[in-house]
A.B. asks: 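Below is the structure I would like to discuss, written out as structure tokens.
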Amino acid sequence: MAHQIPEDGTLLPLMEEFYTIQGEGFNTGKAAYFIRLGGCDVGCHWCDVKESWDAELHPLTPADAIVAKAESYPGKAVVITGGEPLIYNLDYLTRRLREKGILTFIETSGAYPLSGDWDWICLSPKKFKAPRPDITPYANELKVIVFNKSDFEWAEKYAETVSANCKLYLQPEWSKSKEITPLIIDYVMANPKWEISLQTHKFLNIP
Ligand code: SF4
């Protein structure tokens, strides 16, 4: 039977949750509790969590139970990711987390309306389903995954839509990293408003 997901965000399809170190982007190196919600229709062909796509496969879980687990770890920050977490209304979950003094970070493609109260919004736009124009000004961090050369031009297009103090990152797509990383190094040296983001958790062999 299909999930009946309440619109108030009190139940969410939870794929996995784990305490680890944020491996990429601005918050690299910080201990954080990861909450991965199931469901994504963006369809990146290089996606490394395709098992997240079908929300039906992931149990509806009370947001309060997720908060209680997050609270039990010493690192007081969560990264809400997916899938595409903004498919769901995240107001309730983030409000409860913040009430417990936990910082709220999100990783989103921006393809769905913004909900939730955030300490850090990492917008990672995808070619396959464009981010909503009303979300880009709220990004604290723009993280563009570079899969081929033409992605630099595409990244610049989004850099124009974010706020002036938004951090700008270029990150090699993992399977193309040998070929793409040297291009990113050259690009960042020539265009220093950008920085390099690496998936350090993959080098560290942690989730
Ligand atoms: S947006 Fe994220 S979860 Fe969805 S297909 Fe792309 S990489 Fe995978």
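Residue indices begin at 1 and follow the sequence shown. Start at 1 and go down the list; that is how both ligands and their atoms are numbered. In what follows, every heavy atom counts, from backbone to side chain, and hydrogens, waters and symmetry copies are set aside. Bear in mind that the values here come from a model prediction, so they are computed numbers and not experimental data.
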A.B. asks: Measuring from atom CD1 of I121 to atom OG1 of T108, what distance do you get when rounded to the nearest 0.5 angstrom?
C.D. replies: 8.5 Å
A.B. asks: For Y112, give me all partners under ring-ring contact (aromatic ring centres under 6.0 Å, His included), at least two apart in sequence or on another chain.
C.D. replies: none
A.B. asks: Would a hydrophobic clustering, with Ile, Leu, Val, Met, Phe, Trp and Tyr connected at side-chain separations under 4.5 Å, put L142 with F152?
C.D. replies: yes
A.B. asks: What protein N, O or S atoms come within a distance below 2.8 Å of atom 8 (Fe) of ligand 1, ordered by chain and number?
C.D. replies: C47 SG
A.B. asks: Which atom pair, heavy atoms only, marks the closest approach of I180 to N148?
C.D. replies: CD1-CA, 3.8 Å
A.B. asks: Just say parallel, tilted or perpendicular for the rings of F34 and F18, cut-offs at 30° and 60°.
C.D. replies: parallel
A.B. asks: Taking all heavy atoms of G23 and all of H201, pick out the closest pair and write down the distance.
C.D. replies: CA-ND1, 3.3 Å
